Amino acid sequence: MEVFGSSGTRGVANEELTPGFVLRVAKAAGTAWGVERVAVGRDTRRTGRMLADAASSGLASVGVDVDRVGIVPTPAAQLYAEREDVPAMVITASHNPPQYNGVKLVGSDGVELAIAELERVEDVLLGEAFATARWDETGRAREVDGVRRRYVEGALEALDRDRIAAADLTVALDPGHGAGSLTSPEFFRELGCRVVTVNAQADGRFPGRDPEPVSGNLADLGRLVRASGADVGIAHDGDADRAIFFDESGSYVEGDAALAALAAAELEAGDTTVSAVNVSQRLVDVVTDAGAEIELTPIGSTNIITRIRELEGEGRRVPIAGEGNGGIFFPAYRLSRDGAFTAGKFLELVADRSVSELVAPYDGYANVRHNVEYGSTAERDAMLDAAANHAKESDAELNTRDGYRLDHGDAWVLARPSGTEPLVRVYAEARDRGRAEELAGSMHDALLEAKASV
Ligand code: MG
């Protein structure tokens, strides 16, 4: 795919991602879908309204009516799509910095489009094979209210509200000026929690922090947890499909540790979970302890969704899936990442014990990373051949879905070319730092030797 990556298409607004481009994507999607009606939503970005207008115009020009659902978390747009049985275009750049924007395409089942469907849209776009309507058959737009409220109610109904309310929790919330600013405060209040907030005004310039919920951007939340005596801190990304947590002392909880804690509560013997090839040993250990199985896909939510569907089609139970960046699926609820719902599931566990107790079993894993730059494709290819040979010589279980991942049972190492930079990345993880360093070091040495021989 040239236009759509594994998470839609993104770029600096008005430079790479122009209204003209979004208009053409909308015409292509409207043509490929061949439906009467499409929903258009957006996150809080400064350029969101401009690009949502372009999307609406493009859809109307190929004869499609438009439901303008306004500023909504991506999972809220997905719920609307599913309930109304219409596809959706969401104008969002998720966790990217403020100057970015993007387009995410959602099917009428409320699920992000699969790769094959994105390719159909791309074919129309690149071939400019738009089904342009005659003037009296162009589409009409209407504003739809209440989409955020219906999303909040849907998530509330799917959680154990009594259990959470009985625990009398204080939640410190940082929605990062994103779409979750308009839904998560009321969501956690209606779960029976006391809610204190920071960066909770919807503001597309993101004055308080960047949209990515990584620890370096979340110092305010740590302080708020300590100042308010909160039981838990919760942060979202710009479109609120991710949740990241802080413990009761105001310390950042690794996304992989939160995923492992949630998975430990969900997985039973015989279940399967799906994650990406850079999955943490923490989740591998949880899966082993539960007598469950884990399937690893290339990095990117589209790949995880595709694999969940295949497994469910084979009759396998997949109660939880996702990545350590806070993007987690509970497929029995819905096949979309949902920051508020994920946090609700986490609160069900926090109702019984403190966050630090909950994640303690998943603390203390050591991660080691190396990057090796290359100056030519010959160097890159030599390094990947070396990774393949290194894998052959090892007795670890090999996964080649996205680079070379070697699972040793107690630890793993992955060599994978970066998707965006001229680098081969080496990752390793183990409970013991020496073990992780040894595995990463021997892969790193093999790559350096191969590069030097070119
Ligand atoms: Mg997101």
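Note that these values count all heavy atoms, side chains included, but never hydrogens, waters or copies made by symmetry. The residues of the chain are indexed from 1 along the displayed sequence. When a ligand or atom number is given, it counts from 1 through the structure's own listing order. Bear in mind that the values here come from a model prediction, so they are computed numbers and not experimental data.
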Report the atom name of the nearest N/O/S atom of Asp241 relative to the Mg ion (ligand 1).
OD1
If you round to 10 degrees, what value do you get for the angle at the Mg ion (ligand 1) between Asp239 atom OD1 and Asp237 atom OD2?
90°
Give a yes-or-no answer on whether the side chains of Thr297 and Asn303 include a donor-acceptor pair shorter than 3.5 Å.
no
How long is the gap from CG on Leu221 to CG on Asn217, to the nearest 0.5 Å?
11.5 Å
In terms of relative ring orientation, are His236 and Phe188 parallel, tilted or perpendicular, with 30° and 60° separating the classes?
parallel
Below 30° counts as parallel, above 60° as perpendicular, anything between as tilted: where do the rings of Phe246 and Tyr252 land?
perpendicular
Is there an N/O/S atom in Ser94 that lies less than 2.8 Å from the Mg ion (ligand 1)?
yes
